[in-house]
**Q** 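What follows is a structure written as structure tokens; I'll ask about it next.
First the proteins, then the strands, lettered A, B, ... as listed; each starts at 1.
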Amino acid sequence: MRRILVTSALPYANGDIHIGHLVEYIQTDIWVRFQNLVGNRCVYVCADDTHGTAVMISAGKAGVSESKFIAEMQRAHERDFAAFDIKFDNYGSTNSRENRALCERFWKSIRAAGLVRERDVEQLYDPEAKTFLPDRFVRGTCPKCGSVDEPGDNCSKCGHHYSPSELIHPRSTLSGATPVLRNAPHLFIELEQLHDFLDEWTQSGKHLQPEIANYLKGHFLGEPLRDWDISRPAPYFGFEIPDSPGNYWYVWFDAPIGYIASTHQWCERNGEKLDDWWRSEDCEIHHFIGKDITYFHTLFWPGMLKTAGFTLPTQVHIHGFLTVDGEKMSKSKGTFVAAKTYLKHLDPTYLRYFYASKLSSRVEDLDLAVDEFVAKVNTDLVNKVVNLASRTAKFVEATGLSATYPDDGGLFADAAQLGDEIREAYDATDYSRAVRLIVGLADRANPYVEERKPWELRKDPKKARELQDVCTVALNLFRQIVVYLSPVLPRLAEQAGELLNDPIKLWNQSQKPLVGTKVNKFTHMLRRVEEKDVHAMIEESKPAGSPAAEAASPGAESIGAGAQWNDSGDALAAEPLVPECTIEDFAKVDLRVARVIAAEDVPEAKKLLKLTLSLGGGTTKNVFAGIKESYEPEQLVGRLVVCVANLAPRKMKFGVSEGMVTAAGPPGKDTKEVFIVTVAEGAVPGHRVH
RNA sequence: GGUCCGGUAGCUCAGCGGUUAGAGCAGGGGACUCAUAAUCCCUUGGUCGGGGGUUCGAAUCCCUCCCGGACUACCA
């Protein structure tokens, strides 16, 4: 029996769980359930990641204390997870007593190992909000190309990387104030001292997927590792560093330690010793994470564990992101579906099955194509698997299963033998392979029923025995499949257990037929997915007023009497007003109505479309607009837009842009949520906007 | 730009040096009626991205080109 401790990444306490998160939690939960099913002892811990500037700011905006904010968020997270049958042995919080104690313990070891250095860091400070600003809370003009309103780390126009302090006219996205440079001492961990160890650990071939090991080798381990800035000056929501008053551990220092803290809570409750789980050769530790946090889990974290004398991860399982119909999840397209929105429309079983059927051990993105989702769930689960029970159970309601298992031509035995292969696939997190093998069994079981025709047997009282035998076989094949699928579909396993009066608890139940039990009245186990429910879910996930939402309900433009304007303040808060300007300033900008007379894709560009704008009378302008991710060229031709007509021409990679099409959207370089500015009926190309 | 991963039937993918390249779904034809318009049988469909090479033999190995995607930490 293996002893295994499993974690999923700690969700950040600053937003709801969505279907993207669920890829990871479902992947992990399946693995944990599988391990327990085959008789290993597997404990699954997780926690909310609560610290950092983002939570501090969100709590401030909501007008509540941080502790209240994170408590509410945690309640919501736990509720969502439970609804998807994700079963943690302990769900903690990084803002816990246990975590603080462990952080202090780690810190002591790291200090003692001589890894900590203090160094002054110049950082932008918001004098109005009285806080230091992480890069993403600063925006300004790119020092290289002069593009305005660029993020604090790199320019979305020219791609130039810089530090936020290099921006021209920087401003805080919190208050709109001009940030000032302030010096503050920060504490750094000199990771380079652990370089040899990390080389060996990452390249051993045992702990990481090969592509990850390779990536680390190429990107980081080929040169000296940079020092890691692990402190933040007050104000900061987190733990104050005991020997450095006024400084707090950066959230990424205490977050992974939260894995141990959560385990500690579980140990306390269950009379276990923490050292048996985190400082023992006999216990495996498996982390499941997304590819975005690879760096932290494969370099910092092993380094910290090594230094503090804890067990190193046996394996870090890294998965890709979720895409929907081949595209990144998008709020405006309604594919950024919150867990709770999903639950209003669809059964969680569907998503568990679908993800399982798509997941492999590779670091690949997983695509949820709506058609495929519907087809897979309905054909595999309902039509094939559940069908086995629903077509035979009622024939043996009265008699129960036969007392001895009849001859089935080797079907059950063959499927039992396949168990090893299925088991290996699960263990290797190659669920798509496991599911493929299992569903193949249903493809062999249905023809058996077809051939033996129980519906004819029941007409002849003399064949009652044969009828019972045929159904005993069919129900056993069904049950065997359900045992194999039970890590993925715990609810179905429970229903099958109830139907046949024998709860499914162990993998071995797939190896021996069940005989002589009563059979209960069959009730529906799983409804078919309706495509309209999926679409309703996506509709509900769309923000009001997006181009997509408009397209879905043409004619919704005329705002009826019942319309409500309860617009949230989020958009404004995300990008506060800039300092006021005079009418003369405004007059310098010549905004004109223009007609898009041609629009073409720039194949090499990620975000740009090439537009030809007509100002009327043959005056045209060539403009490159960063709207490719939101609009198709065909949608634009013929439309009236508002352009900045006197903007100095700018040479871009693909040609000269002679103006700019105005568009609204949130700050940031993400151009998936842009909405071009159009003009009311009657305006003609050439009209100036006054 | 660099690194990595892919490109096999309409779709999702399996096969990764050895008999005429497979599955599921979709399409076509038929059967059945126990079952959630479920199931079963038959069937159409592919110069395995292009080109070159290694080999008795290549979808599978090597080279090269083309196409698609991901990543590119000092954000959380």
**Q** Using the six-membered ring wherever Trp is involved, compare the ring planes of A/F288 and A/H317 and label them parallel, tilted or perpendicular (cut-offs 30° and 60°).
**A** parallel
**Q** Measure from NZ or CZ of A/R182 to the centre of the six-membered ring of A/Y125, then state whether that distance is under 6.0 Å and the direction lies within 45° of the axis.
**A** yes
**Q** Taking the P atom of each, how far is B/A70 from B/U43, in whole Å?
**A** 41 Å
**Q** Could you run down the sub-3.5 Å N/O contacts of the protein with nucleotides 9-13 of chain B?
**A**
{"unit_1": "B/U12", "atom_1": "O3'", "unit_2": "A/K358", "atom_2": "NZ", "d": "3.3"}
{"unit_1": "B/U12", "atom_1": "O2'", "unit_2": "A/E372", "atom_2": "OE2", "d": "3.2"}

**Q** Would you write the dot-bracket representation of RNA chain B, where each base gets (, ), [, ], | or . depending on whether it forms a Watson-Crick or G-U pair under 3.5 Å and with which partner?
**A** ((((((((.[[[[.)..(...]]]].(((((.......))))).....[[[[[..)....]]]]])))))))....
**Q** What interatomic distance, in whole Å, is found between P of B/C66 and the corresponding atom of B/A9?
**A** 22 Å
**Q** Using the rule given for ring pair (Phe, Tyr, Trp, His ring centres under 6.0 Å), can you reason through A/W228 versus A/F300, listing the C-alpha separation, both sets of side-chain angles and the distance that settles it, and then say yes or no?
**A** CA-CA 8 Å; A/W228 184 29; A/F300 292 146; 3.6 Å; yes
**Q** Between B/C61 and B/G1, how far apart are the two P atoms, rounded to whole Å?
**A** 26 Å
**Q** Ignoring the backbone of A/H524, work out which of B/C34, B/C4, B/U36 is nearest its side chain.
**A** B/U36
**Q** When the ring planes of A/H51 and A/F239 are compared, do they come out parallel, tilted or perpendicular, using 30° and 60° as the limits?
**A** perpendicular
**Q** Could you measure between the two P atoms, the one in B/G49 and the one in B/A14, and give it in whole Å?
**A** 14 Å
**Q** Could you go step by step and tell me if A/K384 and A/V439 meet the side-chain contact (heavy atoms from CB on, under 4.5 Å) rule?
**A** CA-CA 8 Å; A/K384 291 179 180 176; A/V439 173; 4.0 Å; yes
**Q** When you measure from the side chain of A/S390, which nucleotide among B/A73, B/C34, B/A35 comes out closest?
**A** B/A35
**Q** With a cut-off of under 6.0 Å to the ring centre and 45° to the axis, is A/K328 in cation-pi contact with A/F321?
**A** no
**Q** Measure from the side chain of A/Y295, starting at C-beta and using heavy atoms only, and say which of B/U33, B/A73, B/A70 lies closest.
**A** B/A73
**Q** Taking A/Q74 for the side chain and A/G92 for the main chain, is one N or O donor matched with an acceptor at less than 3.5 Å?
**A** yes
**Q** Here's a test of your reading of the structure: between A/H51 and A/E456, which maps to the more 5' nucleotide of RNA chain B?
**A** A/E456
**Q** Say you draw a straight line from CG of A/D229 to CG of A/L187; how long is it, rounded to the nearest 0.5 Å?
**A** 8.0 Å
**Q** Can you tell me if A/H219 is stacked onto the base of B/U72, using a 5.5 Å centroid cut-off and an angle below 30°?
**A** no
**Q** Please step through side-chain contact (heavy atoms from CB on, under 4.5 Å) for the pair A/M304 and A/F253, ending with a clear verdict.
**A** CA-CA 9 Å; A/M304 285 167 68; A/F253 179 82; 3.7 Å; yes
**Q** So, is the end of the A/K394 side chain (NZ or CZ) under 6.0 Å from the ring centre of A/F522 and within 45° of the ring's axis?
**A** no
**Q** Can you tell which of B/G24, B/C34, B/C4 lies closest to the side chain of A/K394?
**A** B/C34
**Q** Looking at A/Y25 and A/A9, would you say the former's side chain and the latter's main chain have a donor-acceptor pair under 3.5 Å?
**A** yes
**Q** Which part of the nucleic acid does A/E364 contact within heavy-atom distance under 4.0 Å: base, sugar-phosphate only, or nothing?
**A** sugar-phosphate
**Q** Looking at A/F188, I'd like to know if the NZ or CZ of A/R117 sits under 6.0 Å from its six-membered ring centre while staying within 45 degrees of the ring's axis.
**A** no
**Q** For the P atoms, the ones on B/A21 and on B/A59, what distance do you get once it is rounded to whole angstrom?
**A** 9 Å
**Q** Assign a letter to each nucleotide of nucleotides 37-44 of chain B from its 5' end: B, base within under 4.0 Å of a protein heavy atom; S, sugar-phosphate only; -, no contact.
**A** -SBSS---
**Q** Does B/C34 have OP1 or OP2 sitting under 4.0 Å from an N or O in the side chain of A/R458?
**A** yes
